[in-house]
Amino acid sequence: MPKMKTNSSAKKRFKLTGTGKIARKNAYMSHILTKMSTKRKRNLGNTSLVSDADMGNVKRMLCIGK
């Protein structure tokens, strides 16, 4: 049987943490940042975790688990 292929776009966007959770970057940080407050821009620069509802789809794209 051939091996499962990892989704190329997913491996660039997601990172596995030490505890097995999946980290992601926040949206809305690409352009038109002048109307945003400094606090909002600072908080959007941090990474977030993938929600439980999306965890299965992301793990399937990254070929993690079964």
Side-chain angles (χ1 to χ4, degrees):
M1 280 300 282
K3 292 181 181 178
M4 285 272 295
K5 278 195 174 180
T6 301
N7 187 304
S8 291
S9 61
K11 70 183 175 187
K12 296 169 189 172
R13 287 171 170 81
F14 300 107
K15 191 170 99 173
L16 201 62
T17 63
T19 56
K21 296 174 183 173
I22 300 174
R24 64 170 178 85
K25 288 194 173 181
N26 289 311
Y28 310 114
M29 276 296 286
S30 55
H31 61 100
I32 313 177
L33 301 173
T34 53
K35 61 177 78 170
M36 265 191 224
S37 69
T38 309
K39 180 180 179 180
R40 185 173 173 203
K41 286 188 280 193
R42 185 172 59 246
N43 289 333
L44 285 174
N46 301 330
T47 56
S48 300
L49 295 176
V50 172
S51 67
D52 293 334
D54 299 324
M55 192 71 75
N57 289 332
V58 176
K59 281 189 174 183
R60 194 174 300 115
M61 287 192 287
L62 295 174
C63 300
I64 299 171
K66 287 189 173 185

Please identify each residue that fulfils side-chain contact (heavy atoms from CB on, under 4.5 Å) with Lys11, with sequence neighbours left out. Thr6, Ser8, Leu62

Could you note down all residue pairs passing side-chain hydrogen bond (donor to acceptor under 3.5 Å, both in side chains) where residues 29-47 supplies at least one of them, sequence neighbours left out? none

Atom pair NZ (Lys3) and SG (Cys63), whose distance is rounded to the nearest 0.5 Å: 11.0 Å

Expected output: side-chain Asn26 to main-chain Leu44 donor-acceptor under 3.5 Å: yes

Counting C-beta onward and ignoring hydrogens, is there a side-chain heavy-atom pair between Val58 and Arg24 closer than 4.5 Å? no

For the CG atom of Asp54 and the CE atom of Met61, what is their distance to the nearest 0.5 Å? 8.5 Å

Once you round to the nearest 0.5 Å, how far does CE of Met55 lie from CD1 of Ile64? 9.0 Å

Taking Ile22 as the fixed residue, which of Val50, Thr17, Leu49 is the one that meets the side-chain contact (heavy atoms from CB on, under 4.5 Å) rule? Val50

